[in-house]
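In what follows, a structure is listed as structure tokens, so that the remarks can point back to it.
Owing to the predicted nature of the structure, the values given are computational and were not obtained by experimental measurement.
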Amino acid sequence: MPIEITVPRLGWSMEEGNFADWLKAPGEQVQSGDPLFSLESDKVTMEVESLDSGVLYLRADAPQSGAVVKPGQLIGYLLAVGEAPPDALALEATEVSVTPRARRVAAELGVNPAELQGSGAGGRVRERDVRAVTEKPAIEHTIPINSTRRATAARMMESHLQTAPVTLTRRVDASRLVALRNRWKLARQPAAAPSFNDIVTKLVGTALQRHPMLGAQWDGDQLQLPSEIHIGLAVDTDNGLLVPVIHNVPDLAIEDLARCSRDLIAAARERSIRAKDLLGAVFTISSLGSFGVEAFTPIINFPQAAVLGIGAIRWEAVVLASGQIVAREQMTLSLSFDHRVVDGAPAALFLATIAELIEEPPASVHMA
């Protein structure tokens with residue numbers, strides 16, 4: 001009896017993915033456990049292993065590289081040697097099926113229906129498919145929307161619809177933060193020294209211990225408070241935005257946190273990151289400082305309650321309490337929070353705690 005091959009769900013949030021490639025050829029013998037095809041979810045590309053053995057049979061409309069597929073979608077069969085494919089799949093048409101109306105309109109408009117992808121049953125070309133060709137505006141080129149961009153868009157819309165976002169901004173004196181990192185760079189190879197983002201991540205972990213509500217999540221008629229503090233880092237990649245997660249931030253030495261951060265960012269950009277390294281964050285940090293952006297409105301990574309935006313460090317004139325004007329390195333922090341979960345005052349206190357930790361870095365971020 002033919003064994004169905006279906007698309008698995010790579011993570012609870014996967015609604016669709018991009019089919020990357022078949023790893024076995026039609027007619028090839030497949031053994032249980034063999035890599036059968038690769039699938040790109042909203043986060044990672046994974047090889048999917050066959051659960052059964054048999055000869056691979058692909059239907060005429062089997063997905064090819066770049067096709068959008070959904071969990072549970074039937075994409076092929078495994079057959080016993082000599083077994084005939086299911087009748088419904090054996091009809092691999094050699095010419096396009098076209099409705100009479102579509103054929104007539106195609107002749108009037110000078111369109112070849114054989115070049116069209118039909119929207120009717122079984123891929124049949126309909127009149128609207130023909131007319132859609134002539135109604136398209138002049139476009140220089142198109143960029144396919146990959147699954148990462150699709151998932152990012154979905155999460156952004158979900159955040160927009162599901163949260164009551166408010167953003168607070170605060171200027172921070174980053175002079176001691178800069179001096180601290182310079183000492184790290186002198187003591188280590190510059191590439192091995194903790195980055196500004198690493199140090200701030202460690203400080204945010206400390207702040208979340210003091211203000212756990214900023215790590216809470218709205219769950220229907222209750223709020224879930226985190227038992228552990230895992231922080232996501234928004235990373236720009238060629239394939240779109242990914243948010244790898246540093247787990248148990250308060251428990252990590254700053255050197256270990258920096259090493260973990262470098263490894264996760266590299267894996268995200270090389271598209272080799274593991275699915276488990278993208279899960280579990282209770283808070284997110286997004287930095288645009290390296291692009292010269294001073295302040296922005298970060299979007300909450302739902303169902304989290306808050307996200308911190310880190311701006312560029314700039315030399316600015318600062319008036320001291322004595323009235324003296326001095327040049328100091330200043331940085332802007334932007335905290336977006338879900339007002340359903342946290343009120344303005346607790347959010348402001350959380351932001352004040354982060355500011356204090358940046359202006360007076362504690363021993364946890366100093367060299368041992």
**Asked** Got a sec: does the CD of Q189 have more than 12 other heavy atoms crowding it under 6.0 Å?
**Response** no
**Message:** What I want to find out is whether E359 reaches R176 closely enough, with some N-O distance under 4.0 Å, to be called a salt bridge.
**Reply:** no
**Prompt:** What residues form a ring pair (Phe, Tyr, Trp, His ring centres under 6.0 Å) with W218, not counting sequence neighbours?
**Reply:** none
**Item:** Spacing of E158 atom CD and F302 atom CZ [to the nearest 0.5 Å]
**Value:** 5.0 Å
**Message:** Is there a side-chain contact between V307 and F283 in this structure, where contact means two heavy atoms from C-beta onward sitting under 4.5 Å apart?
**Reply:** no
**Message:** Can you tell whether the side chains of R131 and E127 come within less than 4.0 Å, N to carboxylate O?
**Reply:** yes
**Prompt:** At what distance, to the nearest 0.5 angstrom, does CG of L233 lie from OG of S195?
**Reply:** 8.5 Å
**Request:** Classify the angle between the aromatic ring planes of H247 and H230 as parallel (below 30°), tilted (30 to 60°) or perpendicular (above 60°).
**Result:** tilted
**Request:** Check whether any side-chain heavy atom of I229 sits under 4.5 Å from a side-chain heavy atom of Q209, and report yes or no.
**Result:** yes
**Message:** By the definition side-chain contact (heavy atoms from CB on, under 4.5 Å), identify the one residue from N197, V293, L308, T201 that meets it with S287.
**Reply:** N197
**Message:** Walk me through whether D256 and R259 qualify under salt bridge (charged side-chain N to carboxylate O under 4.0 Å, His left out).
**Reply:** CA-CA 5 Å; D256 296 331; R259 189 180 308 110; 2.8 Å; yes
**Over 12 non-hydrogen atoms of neighbours within 6.0 angstrom of NE2 in H160** = no
**Request:** Please identify each residue that fulfils side-chain hydrogen bond (donor to acceptor under 3.5 Å, both in side chains) with S50, with sequence neighbours left out.
**Result:** none
**Asked** Does V200 reach the side chain of L357, with side-chain heavy atoms less than 4.5 Å apart?
**Response** no
**Request:** Look at D238 together with R269 and state whether they make a salt bridge at an N to O cut-off of under 4.0 Å.
**Result:** no
**Prompt:** For R128, what residues pass the side-chain hydrogen bond (donor to acceptor under 3.5 Å, both in side chains) criterion, not counting sequence neighbours?
**Reply:** S119
**Message:** Ring-plane angle category for F19 and F37, please: parallel below 30°, perpendicular beyond 60°, tilted otherwise.
**Reply:** parallel
**Side chain Q304, main chain T284, donor-acceptor under 3.5 Å** = yes
**Item:** Test applied, side-chain contact (heavy atoms from CB on, under 4.5 Å); reference residue, N239; option that passes from L241, D236, T237
**Value:** T237
